[in-house]
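In what follows, every heavy atom counts, from backbone to side chain, and hydrogens, waters and symmetry copies are set aside. Residue numbers run from 1 in the order of the sequence given. Whatever order the structure lists ligands and atoms in, that order sets their numbers, starting from 1.
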Amino acid sequence: MAFRGPECYVDMEDLARARGVPPEKFTQGIGQRQMAVVTPCEDTVTMATLAGREALDAFDIDPDEIGTLIVGTETGVDHSKPVAVYVHELLGLPATCRTFETKHACYGAMAGLTSASDWILAGRARGRKALIIASDIARYGVGTPGEPTQGAGAVAMVVSSKPRLFAFDTSIEGDYTRQVMDFWRPLYSKYAFADGHYSIQCYLDALEACWEDAVRTAGGSHEAFALSELDACFYHVPFSSMAKKAHHRHWEVELGRRVERDAPESGEIATSYRRLVEPWLSLNAVVGNIYTGSLFLCMVDYLRRISSEREGRPVSLFSYGSGCGAALSVAHVSDGASAFKEAVDPGEHLSGRRRLGIEEYEQITRAAESADQNEAGEADPSRWGLAGNLYYVGTVDHQRRYAHLG
Ligand code: HMG
């Protein structure tokens, strides 16, 4: 696994002050400290490629070993051409590698991950590995209620029959689909539309339905994934305090009844949250919502703090994609996973980011609106003070161009 995001961020206290909101609303109520911001030269393709390259390098995997590449995203760069095919070229993957993009809001990468695992279980991998990359840019627009829940980044995951980090338990899985208008992004808009408070309800209802389905697939008992047995609960994290609401509902479903926030049992829920959820939210809190990758970012955070006693322990994963589709899965931490804690840690990458003033962030946001237009000129790396080496450099003759600099 590896995470890579853009080179700039906004501090949530700066944003709150600029919007005339008490900073505690963003830092405590929403639970975010910083949000990653893409310049017009960084997109779903560049972030996916950087994360994919990091995962292959850090785990010493030859690109020729990859037989399937799936990019899960809801911020595609073309109505027809998948992000994955650009990434395929930029990573130098073999021509025999099947390559495609999956979309179902934030559930897209989970759908890719389960397809990859089915490909391996069906025997079609023939010893090869799959590379799944969740890559997205969350944009709600300046001054909207969703603005403090923006973010951008990519998480890459290599899937094989000999997992070094987590092994999925395929005997337990809860699935759920329901057509709801909680969050969507019409073809004509760069910005998402959300019925924010309703989306929170849809998310929690989906969690409950997935849990019930998981109990059915596990033979009528939740014993194998009882909260008391788990070492961590990873939820989709659109903003950090959503994970707290999710854990509260998870606890209620297991208990079989609702618990008010100030009821005596809520102390037990808080203790459980502090043990199973909160410790793995520190990356989400400084990156923001990365849609398809948000759930997996918690797993990266867990891995970078892991000790050998956690090996073999079960963890739960809840993926929610608006619209909506959701899944609850269980995995076990692989023996030897703790040897990779430094390999997965994106701490150095994050500490090298540049803090933007609010004016500069707003200027970047306006420029990003037209950066995909033919011959637009906004995607010029020298304009945005960038220091990396792979960028989107504009659309010429209606074709997107990417360049390695330096
Ligand atoms: P809002 O309506 O501006 O905020 O936007 P609020 O009034 O609900 O306040 C937020 C929290 O801050 C509340 O906490 C307040 O009490 C607290 P809660 O009661 O919920 O625990 N608060 C304060 N705390 C401390 N000091 C203060 C203070 N003031 C208030 N002074 C909303 C919030 C999430 C609705 C908005 O940001 C939004 O619309 N976000 C986008 C939608 C979203 O993230 N939905 C999440 C579920 S759907 C999902 O996860 C899928 C998604 O990732 C997309 C996909 O699948 O592709 C979004």
> When you measure from the side chain of Thr217 to the backbone N and O of Glu173, does any donor-acceptor pair fall under 3.5 Å?
Replying inline: yes
> For atom 32 (C) of ligand 1, is the nearest protein heavy atom under 4.0 Å away?
Replying inline: no
> Aromatic rings His222 and Trp211: how do their planes relate, parallel, tilted or perpendicular, breaks at 30° and 60°?
Replying inline: tilted
> Is the Tyr392-Tyr86 ring centre distance short of 6.0 angstrom?
Replying inline: no
> For atom 57 (O) of ligand 1, what is the nearest protein heavy atom, given as residue, atom name and distance?
Replying inline: Glu74 OE2, 2.5 Å
>> Test your reading of the structure: does Tyr291 have an N or O sitting under 3.5 Å from an N or O of ligand 1?
In response: no
> When you measure from atom 23 (C) of ligand 1 to every protein heavy atom, which one gives the shortest distance, and what is it?
Replying inline: Lys25 CA, 3.7 Å
> Is a donor on one side and an acceptor on the other found under 3.5 Å between the side chain of Asn284 and the backbone of Ser294?
Replying inline: yes
> Is a side-chain N or O of Glu252 found less than 3.5 angstrom from the main chain of Val259, in a donor-acceptor match?
Replying inline: yes
>> One residue to check: Ser322. Relative to ligand 1, which of side chain, backbone, both or neither has a non-hydrogen atom less than 4.0 Å away?
In response: both
>> Using a 4.0 Å cut-off to any heavy atom of Phe239, which atoms of ligand 1 qualify?
In response: 34 (C), 44 (O), 46 (C)
> Which residue and non-hydrogen atom of the protein lie closest to atom 54 (C) of ligand 1, and at what distance in Å?
Replying inline: Cys106 SG, 3.4 Å
> Relative to the heavy atoms of Tyr203, which atoms of ligand 1 are at a distance of less than 4.0 Å?
Replying inline: 50 (O)
>> Give me the residue, atom name and distance of the protein heavy atom closest to atom 8 (O) of ligand 1.
In response: His197 CE1, 2.8 Å
> Can you check whether Leu227's main-chain N or O pairs, donor with acceptor, with Glu254's side chain at less than 3.5 Å?
Replying inline: yes
> Counting distance only, does the side-chain N/O of Ser135 pair as donor-acceptor with the main-chain N or O of Thr44 below 3.5 Å?
Replying inline: yes
>> Judged on heavy-atom distance to atom 20 (O) of ligand 1, which of Lys244, Lys245, His248 sits nearest?
In response: Lys245
> atom 13 (C) of ligand 1: protein heavy atom closer than 4.0 Å?
Replying inline: no
> Can a donor-acceptor pair be found between the side chains of Glu311 and Ser338 at a distance below 3.5 Å?
Replying inline: yes
> Are the side chain of Glu7 and the backbone N or O of Gly388 linked by a donor-acceptor pair below 3.5 Å?
Replying inline: yes
> Is any N or O atom of Pro238, backbone or side chain, closer than 3.5 Å to an N or O atom of ligand 1?
Replying inline: no
> Do any N or O atoms from the side chain of Trp184 and from the backbone of Val180 form a donor-acceptor pair under 3.5 angstrom?
Replying inline: no
>> Which of the numbered atoms in ligand 1 are under 4.0 angstrom from any heavy atom belonging to Glu24?
In response: 24 (N), 25 (C), 26 (N)
> What's the shortest distance from atom 15 (C) of ligand 1 to any protein heavy atom, and which residue and atom give it?
Replying inline: Gly29 CA, 4.9 Å
> Just by distance, do the side chain of Glu147 and the backbone of Tyr140 share a donor-acceptor pair under 3.5 Å?
Replying inline: no
> Among Ser199, Cys324, Gly321, Gly325, which residue places a heavy atom closest to atom 42 (C) of ligand 1?
Replying inline: Ser199
>> Give me the residue, atom name and distance of the protein heavy atom closest to atom 53 (O) of ligand 1.
In response: His236 NE2, 2.8 Å
> To the nearest 0.1 Å, how far is atom 38 (C) of ligand 1 from its closest protein heavy atom, and which atom is that?
Replying inline: Gly146 CA, 3.9 Å
>> Out of the candidates Lys129, Arg98, Arg124, only one should pair with Thr68 under the side chain to side chain donor-acceptor pair (under 3.5 Å) rule; please name it.
In response: Arg98
>> Using only atom types and a distance under 3.5 Å, with no angle test, would you say the side chain of Asp136 pairs donor to acceptor with the backbone of Thr292?
In response: yes
> atom 37 (O) of ligand 1: which protein heavy atom is closest, and how many Å away?
Replying inline: Pro145 O, 2.8 Å
>> Which of the numbered atoms in ligand 1 are under 4.0 angstrom from any heavy atom belonging to Thr149?
In response: 37 (O), 40 (N), 41 (C)
> Tyr273 vs His247 aromatic rings, parallel, tilted or perpendicular, using cut-offs 30° and 60°?
Replying inline: tilted
>> As an exercise, identify every atom of ligand 1 less than 4.0 angstrom from a heavy atom of Pro22.
In response: 31 (N)
> How are the rings of Tyr320 and His236 set relative to one another: parallel (under 30°), tilted (30 to 60°) or perpendicular (over 60°)?
Replying inline: tilted
>> Please work out, at 4.0 Å between heavy atoms, whether the side chain, the backbone, both, or neither of Tyr107 comes within that distance of ligand 1.
In response: neither
>> With heavy-atom distances below 4.0 Å as the criterion, list the atoms of ligand 1 near Ala105.
In response: 55 (C), 56 (O), 57 (O)
> Polar-atom distance check: Asn289 versus ligand 1, any N or O pair below 3.5 Å?
Replying inline: yes
>> As an exercise, identify every atom of ligand 1 less than 4.0 angstrom from a heavy atom of Gly196.
In response: 35 (C), 39 (O)
>> With a cutoff of 4.0 Å, is Arg261 in contact with ligand 1, counting heavy atoms of the residue only?
In response: yes
